Novice: 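Pasting in a structure now, in structure tokens, and then I'll have a few things to ask.
Just so it is clear, the model here is predicted, and its values are computed rather than measured. Quick note: numbers below take in every heavy atom, side chains included, and nothing from hydrogens, waters or symmetry partners.
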Amino acid sequence: MRLLPLLLLLLAGAAARASDDPFLSGAANHSYNIDCGGAADFTSSFGRRWLADQFFSPGGAAGMVAEPHRFPQPQERTLRFFPPSSAGKSSCYSLPLPPGRYYLRIFSVYDNYDSKARTPSFDVSAAATLVLSFRSPWPEPAARYGAYSDLIFPSATEPASDVCFYSLSTDAPVVASIEVAPVHPLAYDGATTGADLVLVNYGRVTCGNSLFGPGFTKDPDAFARVWQADVDFRNNDLKYDAITAGGRKIFGSNQPPNYFPTKLYESAVTTGGDASNEIEYLMPVDTRLSYMVWLHFAEIDAGIGAAGQRVFDVMLAGENVTRIDIFKQVGGFTAFKWTYVVENLTSSTLSVKLVPVVGRPVLCGLENYAMVPLEMRTVPSQVAAMKALKESLKIPARMGWNGDPCAPRAWDAWEGVTCHRGDKGLVITQLDLASQGLKGFITDEISHLKDLVSLNLSYNSLTGSLPPGLGQPSLVSLDLSSNEFTGSIPGTIGSSKLQTALLNNNQLDGQVPERLYSIGVHGGVIDLSGNKGLCGVPTLPACALFWEKGGLNKTGKIALGASFGFVLLVILIVVYILCIRRGPYDYDFEFPQDLTSISAISAKRNRYQRAKSVMLAEMEAHSPEGFYTNGSPH
């Protein structure tokens with residue numbers, strides 16, 4: 001197994017004290033214990049609350065180890081595996097974590113759960129960064145009893161951070177449990193490394209002691225770290241003696257930001273035999289990475305009571321890097337920590353050696369972390385756009401659209417997606433989803449893929465209208481042929497860079513935008529055939545006089561406006577004639593209610609006669625000849 005840190009054989013232990021276990025804090029403090037493949041929540045014998053993994057949308061299928069009686073805890077017996085034929089190349093657990101730093105521990109086990117007698121090969125990522133690689137065949141103890149891997153990673157995305165599993169060839173990744181809890185932001189030199197690095201554990205050992213830590217023994221560790229016995233890492237050509245504090249109190253332990261446990265400093269190893277002997281540990285490493293080494297000391301020998309009585313040099317990878325005098329630094333029975341970054345390694349084994357200067361060297365514990373640079377992620381706006389497309393296009397699980405669309409770069413996990421490095425992160429440049437049986441629609445969120453050069457959704461069963469967001473200026477090739485799109489073609493489609501536009505064999509209608517058709521005029525490729533409703537360009541029927549793009553064109557709108565104005569003018573004229581120009585003696589042209597009624601006709605005639613008599617009277621009154629009586633002037 002390459003890059004598989006900290007193999008811990010499964011051990012049973014007594015209950016851990018709840019108050020010292022950060023994993024007991026629950027989701028309110030963003031701590032989660034996930035039982036992969038488990039069907040229901042439960043509380044373990046260590047007092048931890050375990051959650052069934054269905055709440056974290058992992059996909060895949062649940063399984064059970066072949067010999068569950070050898071695994072005392074329920075979360076060790078169940079597992080989840082991800083066949084690439086149904087789950088795709090990537091499958092992810094989505095953890096609701098706000099920005100911060102987190103301790104992550106994963107338990108992987110095979111135990112021939114699938115009766116194939118072959119351990120799988122797969123990779124694991126956290127924070128969109130490749131952090132673990134499992135390669136077949138696994139070491140026999142790990143395959144049968146399981147192996148723990150842990151790391152510290154930054155979560156910089158909201159509302160969730162993904163832990164993803166990537167299948168190699170046809171192998172199905174497998175995981176039994178996932179535990180996560182926040183750590184102090186300054187832990188392990190977080191001030192300078194926290195935002196940019198993942199620290200992967202390549203060996204965390206307690207010297208002169210047996211394995212301890214929450215979940216395995218009753219001994220507390222505020223970060224829930226497990227400290228492995230050192231015997232597997234010693235240079236066995238040398239002699240070692242174990243010493244203890246003899247019950248004396250240790251000062252300076254369990255302090256922020258690292259909270260190293262007191263038990264770590266209560267025991268130590270020193271050299272055996274000749275006083276000139278050295279202490280040496282051989283730690284596995286990957287030469288492509290740098291390593292952060294932490295050494296833990298305490299002067300727990302009551303016979304050392306002054307500076308200069310125990311002095312030794314520290315050599316890392318053959319280089320003398322410092323000289324240590326524990327008593328001079330902190331006095332007796334007090335925890336002392338020292339760290340160093342080792343770079344440019346040439347061997348797959350890192351030698352950590354303590355060479356005596358005065359007296360015998362002593363060591364309480366050792367940690368070795370690979371410093372994995374955080375990989376560049378996809379631009380957040382494009383991540384959101386791709387997740388929206390995943391929903392609208394109804395992308396099947398077999399295509400592996402989980403986690404970050406572009407990272408880690410070693411994997412093209414999202415089938416049909418091509419990415420490139422941009423100024424502010426990774427960007428999507430190509431989507432090739434032809435003939436995938438898609439039955440959804442294109443969301444306008446596609447407009448946020450500002451760097452998209454090629455889009456091919458041909459030969460699916462996509463419906464709905466074409467969104468205006470398809471008019472990205474970056475688009476060079478667009479193939480939406482042989483779908484069931486309806487409606488008009490948006491006028492936004494047809495950027496200056498677009499060279500190929502295949503919209504044939506759909507149900508589009510209306511006038512073809514001039515800027516789109518000009519692609520063919522200027523040497524590009526355009527195919528609009530098989531759309532009975534399209535019109536307005538050569539090779540297609542002419543559009544109706546006032547009709548284009550599924551609605552009225554400019555001329556039609558002008559004509560409609562003119563017609564409305566004319567009708568309004570006629571109405572105003574009629575109103576003017578009937579209501580404004582009528583004088584007090586204008587004839588009443590109102591039609592009678594009953595044209596056959598004699599009384600109605602008579603009433604009309606009487607009104608006419610009265611009006612006439614009044615008019616004559618006024619004319620006579622104003623005559624210059626005076627007025628007449630009985631036809632004669634007076």
Side-chain angles (χ1 to χ4, degrees), residues 34 36-37 53-54 56-63 79-95 106 108 114 120-135 157 160-175 178 375-380 382-420 426-440 442-443 445-446 449 452 454-457 459-460 462:
I34 303 172
C36 303
D53 65 351
Q54 60 182 325
F56 301 90
S57 304
L79 55 86
R80 186 167 293 276
F81 61 99
F82 306 98
S85 58
S86 59
K89 287 192 292 185
S90 68
S91 299
C92 302
Y93 281 83
S94 184
L95 308 177
I106 296 173
S108 299
D114 57 1
S121 296
F122 60 92
D123 289 340
V124 183
S125 74
T129 300
L130 183 63
V131 292
L132 302 173
S133 292
F134 292 78
R135 295 294 180 266
T157 58
S161 187
D162 297 318
V163 176
C164 299
F165 299 81
Y166 303 91
S167 170
L168 269 72
S169 185
T170 58
D171 289 359
V174 61
V175 60
I178 296 175
E375 293 196 31
M376 180 178 285
R377 307 184 192 190
T378 307
V379 173
Q382 298 203 15
V383 173
M386 291 298 290
K387 290 183 177 180
L389 276 173
K390 177 183 177 180
E391 296 300 319
S392 71
L393 296 177
K394 302 186 186 305
I395 299 294
R398 59 176 171 77
M399 296 185 69
W401 279 36
N402 301 300
D404 190 289
C406 301
R409 294 298 301 277
W411 285 92
D412 293 324
W414 287 43
E415 185 175 344
V417 179
T418 301
C419 303
H420 286 85
L426 300 177
V427 295
I428 290 89
T429 57
Q430 182 174 342
L431 292 179
D432 186 357
L433 305 176
S435 304
Q436 294 291 349
L438 307 180
K439 297 182 179 181
I442 304 176
T443 174
E445 293 294 312
I446 197 172
L449 301 182
L452 190 63
S454 176
L455 175 63
N456 186 356
L457 298 175
Y459 292 95
N460 286 293
L462 300 175

Novice: Could you give the distance from NZ (K89) to CE (M399), rounded to the nearest 0.5 Å?
Specialist: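 Rounded to the nearest 0.5 Å, the NZ-CE separation comes to 10.5 Å.
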
Novice: Measuring from L431:CG to L389:CG, what's the distance to the nearest 0.5 Å?
Specialist: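 So the gap between those two atoms works out to 7.0 Å.
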
Novice: Would you sort out whether T418 and H420 count as a side-chain contact (heavy atoms from CB on, under 4.5 Å), showing the intermediate values?
Specialist: CA-CA 7 Å; T418 301; H420 286 85; 4.0 Å; yes

Novice: Between L433 and N456, does the side-chain contact (heavy atoms from CB on, under 4.5 Å) criterion hold? Intermediate values first, please.
Specialist: CA-CA 6 Å; L433 305 176; N456 186 356; over 6 Å; no

Novice: Can you confirm whether V163 sits close enough to L95 that some side-chain heavy atom of one is under 4.5 Å from a side-chain heavy atom of the other?
Specialist: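 The answer is yes, as the side chains (C-beta and beyond) meet within the 4.5 Å cut-off.
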
Novice: Does any N or O in the side chain of K439 come within less than 3.5 Å of the main-chain N or O of K394, such that one atom is a donor and the other an acceptor?
Specialist: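 No; judged by distance alone, with no hydrogens or angles, the pair does not exist.
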
Novice: Give me the atom names and distance for the closest heavy-atom approach of C419 to V417.
Specialist: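 Distance-wise, the nearest heavy atoms are SG-CG1, 3.9 Å.
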
Novice: Side chains of E415 and Q436, heavy atoms from C-beta outward: is any pair under 4.5 Å?
Specialist: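 Of all side-chain heavy-atom pairs linking Q436 with E415, at least one is under 4.5 Å.
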
Novice: Ignoring hydrogens and geometry beyond distance, is a side-chain donor-acceptor pair present between S91 and N402 at under 3.5 Å?
Specialist: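 No, no side-chain donor-acceptor contact under 3.5 Å.
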
Novice: Considering only NZ, NE, NH1 and NH2 on the basic side and carboxylate oxygens on the acidic side, decide whether R135 and D171 come within less than 4.0 Å.
Specialist: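 No, R135 and D171 are not salt-bridged.
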
Novice: Mind checking the OG-CD1 spacing from S392 to I442? Nearest 0.5 Å is all I need.
Specialist: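 Interatomic distance, S392 OG to I442 CD1, rounded to 0.5 Å: 8.0 Å.
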
Novice: Measure the spacing between CZ of F122 and OG of S133 and express it to the nearest 0.5 Å.
Specialist: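 Result: 9.5 Å between the selected atoms.
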
Novice: Identify the heavy atoms of A160 and S94 that sit nearest to each other, and give their distance.
Specialist: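 Closest heavy-atom pair between A160 and S94: CB-OG, 3.2 Å.
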
Novice: Do you know which two heavy atoms are closest between P396 and L438, and how far apart they sit?
Specialist: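 It is CD-CD2, 3.9 Å.
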
Novice: With rounding to the nearest 0.5 Å, note down the distance linking CD in Q382 to CG in D404.
Specialist: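 Reported to 0.5 Å precision, the distance equals 10.5 Å.
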
Novice: How far apart are the closest heavy atoms of S108 and F134, and which atoms are they?
Specialist: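 Closest pair (atom of S108, atom of F134, distance): OG-CZ, 3.6 Å.
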
Novice: Report the distance from atom CH2 of W411 to atom OG of S167, rounding to the nearest 0.5 Å.
Specialist: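 Answer for the CH2-OG pair, W411 versus S167, is 6.5 Å.
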
Novice: With heavy-atom distances below 4.5 Å as the criterion, would you say the side chains of F165 and V174 are in contact?
Specialist: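 Not in contact.
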
Novice: Return yes if a side-chain donor-acceptor contact under 3.5 Å exists between Y93 and D162, otherwise no.
Specialist: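 Distance-only check fails for Y93 and D162.
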
Novice: Do the side chains of L130 and E375 get nearer than 4.5 Å, heavy atoms only?
Specialist: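 Yes; the side chains approach each other to less than 4.5 Å.
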
Novice: Do L79 and V175 have side chains that approach each other closer than 4.5 Å (heavy atoms only, starting at C-beta)?
Specialist: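 Counting from C-beta outward, L79 and V175 never come under 4.5 Å.
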
Novice: Tell me the closest heavy-atom pair linking Y166 and S125, and the distance in Å.
Specialist: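 Closest heavy-atom pair between Y166 and S125: OH-OG, 3.0 Å.
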
Novice: Provide the closest heavy-atom pair for L449 versus M386 in the form atom of the first, atom of the second, distance.
Specialist: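 Smallest interatomic distance, heavy atoms only, reads CD1-SD, 4.0 Å.
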
Novice: Answer yes or no: is there a donor N or O on one side and an acceptor on the other, between the side chain of W401 and the main chain of S90, under 3.5 Å?
Specialist: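 It does not hold such a pair.
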
Novice: I'd like to check I428 versus L452 (side-chain heavy atoms, cut-off strictly below 4.5 Å). Are they in contact?
Specialist: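 Yes; the side chains approach each other to less than 4.5 Å.
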
Novice: With a 4.5 Å limit on heavy-atom distance, are the side chains of R80 and D53 in contact?
Specialist: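 Yes. Closest side-chain heavy atoms under 4.5 Å.
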
Novice: Please tell me if the side chains of L455 and Q430 come closer than 4.5 Å, counting only heavy atoms from C-beta onward.
Specialist: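 SC-SC contact between L455 and Q430 ruled out.
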
